[in-house]
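Scroll down for the structure; my scribbles are underneath it.
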Amino acid sequence: MKVKAFEMIKGDDMHCHLRTGVVLKSVVDFTSKYWGRAIIMPNTTPKAVLTADIASAYRNAIKIACHDNFEPLMTIQINDKTTPAMIAEAKKAGVVAGKVYPKGVTTNSENGVIDLKSLYPVFEAMQEQDILLLLHGEMPGENVFCLDREEIFLKELIDLNKRLCNLKIVLEHITTSAAVECIRRLGSNVAATITVHHLILTLNDVSDGKLHPHNFCMPIAKRPTDRAALIEAATSGHFRFFYGGDSAPHLEENKECSEGCAGVFNAPIALQLLAQIFEEAGKLDRLENFTSKFGAEFYGLSQNSGIINLVKKDWTVPNSYPCGESKIIPFMAGQTLHWQVEE
Ligand code: DOR
Ligand code: ZN
């Protein structure tokens with residue numbers, strides 16, 4: 001019998017960009033009403049979240065803007081200015097993870113890292129303080145072909161895990177079958193997040209005869225075989241693959257231009273679309289593990305206490321959401337989805 005409605009434990013979005021200012025106010029509720037907690041990315045502008053103090057102030061700004069029962073889980077960005085003392089301060093301030101952006105591979109990563117190995121002393125401090133390391137897993141450098149950046153980066157991950165085997169590492173927003181296989185092979189301290197858009201898109205959806213800027217993100221969507229491997233991993237019930245949406249809002253004018261920004265704004269539709277994908281895979285019963293159990297477990301958190309009700313009812317994704325004087329175009333704008341969250 002086909003499921004028409006179900007309830008599940010409220011989930012965690014283990015990778016989310018909420019930005020600041022007017023964008024924060026416009027987007028935060030899409031995350032805070034559907035998820036109990038979210039890991040908040042530190043690549044804000046004009047000031048990135050590099051210290052415990054900035055993380056605390058950012059947390060307060062999010063709390064003021066969001067639903068009462070939502071908990072932002074804060075991160076700091078780790079770069080060549082980060083010291084072990086800063087890690088200890090971050091821990092005291094309740095920061096749960098440090099994020100590494102390789103230099104220049106994505107939005108606001110100009111202050112990122114070229115040589116991961118130069119950060120090993122900081123990673124050691126993270127291991128001691130029990131702070132997770134979140135990796136944007138793409139090899140930087142002009143000479144690396146863009147579709148190969150993730151696969152080449154896997155060697156860095158393997159080396160790091162060998163050297164610091166008690167450090168908990170999350171390889172973020174994986175996009176290749178090579179990354180799926182690598183995570184399966186590595187031990188219990190290494191996990192991966194998977195976004196909802198990488199379960200839908202291939203490179204054809206970014207650029208076929210025309211350019212589709214709202215499907216453009218980093219790491220860029222890859223081959224159909226990669227997408228199939230990601231769907232298999234997400235729906236497999238393997239506890240080291242869990243949801244991290246990488247919802248990344250940009251104003252319309254910053255997407256629809258030359259040098260458009262990377263990022264897919266999926267927060268308004270992520271959970272509904274996940275239900276659809278898991279249903280199509282015949283694995284709806286495994287959605288709760290992926291969204292609400294495995295991530296919390298890996299982060300050492302208890303499960304959320306709230307409940308979410310999903311019902312099978314078609315709806316059309318809005319063409320845009322207002323944001324100050326401008327707007328933000330969501331993922332799947334104008335398309336019909338089959339599941340809704342009962343509010
Ligand atoms: O597409 C992306 N957008 N990938 C990232 O890693 C960053 C994000 C953003 O901040 O817009
Ligand atoms: Zn991200």
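One-based numbering, in listed order, for ligands and for the atoms of each.
Each ring pair (Phe, Tyr, Trp, His ring centres under 6.0 Å) pair with one or both residues in residues 203-234, not counting sequence neighbours, would appear here, but there are none.
Residue Glu325 qualifies as open at atom CD: its count of foreign heavy atoms under 6.0 Å is 12 or below. Around atom NZ of Lys117, more than 12 heavy atoms belonging to other residues, nucleotides or ligands sit under 6.0 Å away.
His17 pairs with exactly one of Thr107, Asn108, Thr31, Asp246 by the side-chain hydrogen bond (donor to acceptor under 3.5 Å, both in side chains) rule, that one being Asp246.
Applying the 4.0 Å criterion to heavy atoms of His136 picks out, from ligand 1, the atoms 6 (O). Close contacts of ligand 1 with Asn43, meaning ligand atoms under 4.0 Å from a residue heavy atom, involve 9 (C), 10 (O). Ligand 1 places these atoms under 4.0 Å from at least one heavy atom of Ala248: 3 (N), 8 (C), 9 (C), 11 (O). Counting the atoms of ligand 1 from 1 in the order shown, those under 4.0 Å from a heavy atom of Asp246 are 4 (N).
For His250, the heavy-atom gap to ligand 1 drops under 4.0 angstrom.
Relative to atom 11 (O) of ligand 1, the option among Met41, His17, Arg19, His197 with the closest non-hydrogen atom is Arg19.
Protein heavy atom nearest atom 1 (O) of ligand 1, with residue, atom name and distance: Met218 N, 2.8 Å. Distance from atom 3 (N) of ligand 1 to its nearest protein heavy atom, with residue and atom name: Ala262 O, 3.0 Å. The nearest heavy-atom contact from the protein to atom 7 (C) of ligand 1 is Thr106 OG1, 3.2 Å.
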*Given salt bridge (charged side-chain N to carboxylate O under 4.0 Å, His left out), test Lys2 with Glu279 step by step and report yes or no.*
CA-CA 9 Å; Lys2 287 248 181 278; Glu279 182 188 39; 5.8 Å; no

*Decide side chain to side chain donor-acceptor pair (under 3.5 Å) for Glu150 and Thr175; before the verdict, give the C-alpha distance in whole Å, the side-chain angles of both, and the deciding distance to 0.1 Å.*
CA-CA 8 Å; Glu150 183 172 285; Thr175 61; 2.9 Å; yes

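No continuous path of ILVMFWY side-chain contacts below 4.5 Å connects Tyr101 to Met86, so the two sit in separate hydrophobic clusters.
Under the 3.5 Å distance criterion, the side-chain polar atoms of Asp226 are matched with a main-chain donor or acceptor of Arg223.
Every N/O-N/O distance between Cys217 and ligand 1 stays at or above 3.5 Å. Inclusion of Tyr101 in the set of residues having an N or O under 3.5 Å from an N or O of ligand 1 is not warranted.
By the 6.0 Å and 45° rule, Lys293 does not stack over the aromatic ring of Phe239.
Inside a sphere of radius 2.8 Å centred on the Zn ion (ligand 2), the protein N/O/S atoms present are His15 NE2, His17 NE2, Asp246 OD1.
Look at Glu232 and Arg184 and you find a salt bridge, because one of the NZ, NE, NH1 or NH2 atoms lies within 4.0 Å of a carboxylate O, short of that distance.
Glu151 and Thr176 share no donor-acceptor pair across their side chains, judged by distance under 3.5 Å alone.
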